[in-house]
There are 2 protein chains.
Amino acid sequence: MYLCGMNTTDTRERILHQMFTDIRKNGFQGLRADKVVADMGITKGALYHYFSNKQEIGTAVLDEIIRPNYLAAFRRLDQHAGDPITFLQEHIDHLAQAATEEDIALGCPLNNLAQEMSPLDETFRLRMKHIVEQIEHSVAAALERGKVNGYVREDADSKALGRFFFSSIEGAYSMAKVIKSAEAFRQNMQLLKTFLQVYRL
Amino acid sequence: MYLCGMNTTDTRERILHQMFTDIRKNGFQGLRADKVVADMGITKGALYHYFSNKQEIGTAVLDEIIRPNYLAAFRRLDQHAGDPITFLQEHIDHLAQAATEEDIALGCPLNNLAQEMSPLDETFRLRMKHIVEQIEHSVAAALERGKVNGYVREDADSKALGRFFFSSIEGAYSMAKVIKSAEAFRQNMQLLKTFLQVYRL
DNA sequence: AAAGATACATACTGGTTGGTATGTTGTCAA
DNA sequence: TTGACAACATACCAACCAGTATGTATCTTT
């Protein structure tokens, strides 16, 4: 081998990414771990070398793929000093724009996993709860800063709005997934933007 | 037996209801049909007498339990001549009030099934799509009538609002399920009510 | 270069699960 | 009363699937 040590970990990442893709379509219970790696041309030996069991595959997908992907935007929001409503509206625009028909048909990875696994595995649920609460808190804190800086109406309930913001996005993903329409998703994102407008000062 | 013919179907209904309960917790892929009936004290013989396979169990649950339960309220809305926004707000109140912690932890049955099965089975998806579109249409039509009767602002996009209405409710169920908080659900329902208020004339 | 340790491959297993084949009993119509 | 059929029960099966035990080549460390 020409690779110098470090890149051997590449196999683990490849497996993980493929698991993510498969879970997104089939769900965690529908995931057939051995089939996935077989389709990649590798064997169970490699799989169980990197992951000790199926649940660990799930948590790794959650921690290493889903979580960072979701929190990136809100980490930016945490360090954003300007108008939070504009930031959120732009984020909504970004989601609307980025959503392909395939993305919509497969649904939001976090929401998929959350809906399936919350009643079945408390480990999963708590991990996902943490992500959701971090997002809600990030939005709420930004709105509070927005009040201080004169961007947001004083009577806005920041915590409730943070909740509603994220819930609406996830709801839009959910329904768009069922009716298989990216346009429906964009329509909902548009309405969410106008709703945020109400709280502008 | 003292029962006179008709009531033999009772077994089928009992099975169906138990399947509904189990699917709600474990998902459709997680459903172990034979275990469910075993726990009821009956056997696979009875199960496969009434249902020819697992998928048929799913569609029966959808058609005979979930669907009528969801459409009931909106059938009332279809025949409602008064202010639609008040009707919708009262419906939201009803959902908020009726939601127990257990309901919330288990999530919306329609949404659960929809999220899990949409990418896996087109038969399921189309059935669920139909339910969703019927609800959206019912709300949209009510808002249009509301415009004519002077209850709703003319500039309201009824179709988009119908979508957003239902999406928001489902999103609220979803997130409340993850964080396991009926209070969070009610908070979101409250905000949805204030949002509808905007479109009042 | 010897001795582990790492990164896989191969082969197997034991429990599960959707589904079937077949048997049994009560009901009802002719 | 007898034949047919509905409403189950029992027993069985083949496929699947998470997980393990074991083998082996390569790489690293000393």
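All values below come from the heavy atoms of this structure, side chains included, with hydrogens, waters and symmetry mates left out. Order of the sequence lines sets the chain letters (A, B, ...), proteins ahead of strands, with each chain counted from 1.
- For A/T43, there are no side-chain contact (heavy atoms from CB on, under 4.5 Å) partners at least two apart in sequence or on another chain.
- Ring centroids of B/Y199 and B/F195 are separated by less than 6.0 Å, placing the two rings close together.
- When the P atom of C/dT16 is taken as reference, atom NZ of B/K35 falls 7 Å away, rounded to whole Å.
- Of the residues in residues 116-124 of chain A, not one comes within less than 4.0 Å of DNA chain C through any heavy atom.
- Under the 4.0 Å criterion applied to side-chain N and carboxylate O atoms, B/R145 and B/D83 are not assigned as salt-bridge partners.
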Any chance you could list the contact pattern along nucleotides 18-24 of chain C? Use B for base contacts, S for sugar-phosphate-only contacts and - for none, protein heavy atoms under 4.0 Å, 5' to 3'.
BBB----

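- In this structure, the CZ atom of A/F51 is 18 Å from the C1' atom of D/dT20, given to the nearest Å.
- Classification of A/K147 and A/E154 as a salt-bridged pair fails, no side-chain N sitting under 4.0 Å from a carboxylate O.
- Spacing between atom OH of A/Y50 and atom C1' of D/dG19 amounts to 19 Å, rounded to whole angstrom units.
- When the P atom of D/dA18 is taken as reference, atom CD of A/E56 falls 15 Å away, rounded to whole Å.
- Under the side-chain hydrogen bond (donor to acceptor under 3.5 Å, both in side chains) criterion, the residue pairs touching residues 188-197 of chain B are A/S167-B/N188, B/Q89-B/Q197, B/D93-B/K193, B/Q197-B/R200, with sequence neighbours excluded.
- The pair A/E64-A/R12 counts as a salt bridge, with a side-chain nitrogen and a carboxylate oxygen less than 4.0 angstrom apart.
- By the salt bridge (charged side-chain N to carboxylate O under 4.0 Å, His left out) test, B/R67 is found to be paired with no residue, residues two or more places apart in sequence or in another chain being considered.
- In this structure, the CG atom of B/L47 is 18 Å from the P atom of D/dA6, given to the nearest Å.
- Phosphate proximity of D/dA7 to B/T11: absent, as no side-chain N or O sits under 4.0 Å from OP1 or OP2.
- Within the structure, a side-chain polar atom (N or O) of A/H49 is placed less than 4.0 Å from OP1 or OP2 of C/dA7.
- Here side-chain hydrogen bond (donor to acceptor under 3.5 Å, both in side chains) pairs that include residues 175-185 of chain A, with residues two or more places apart or in two chains, are A/N112-A/K177.
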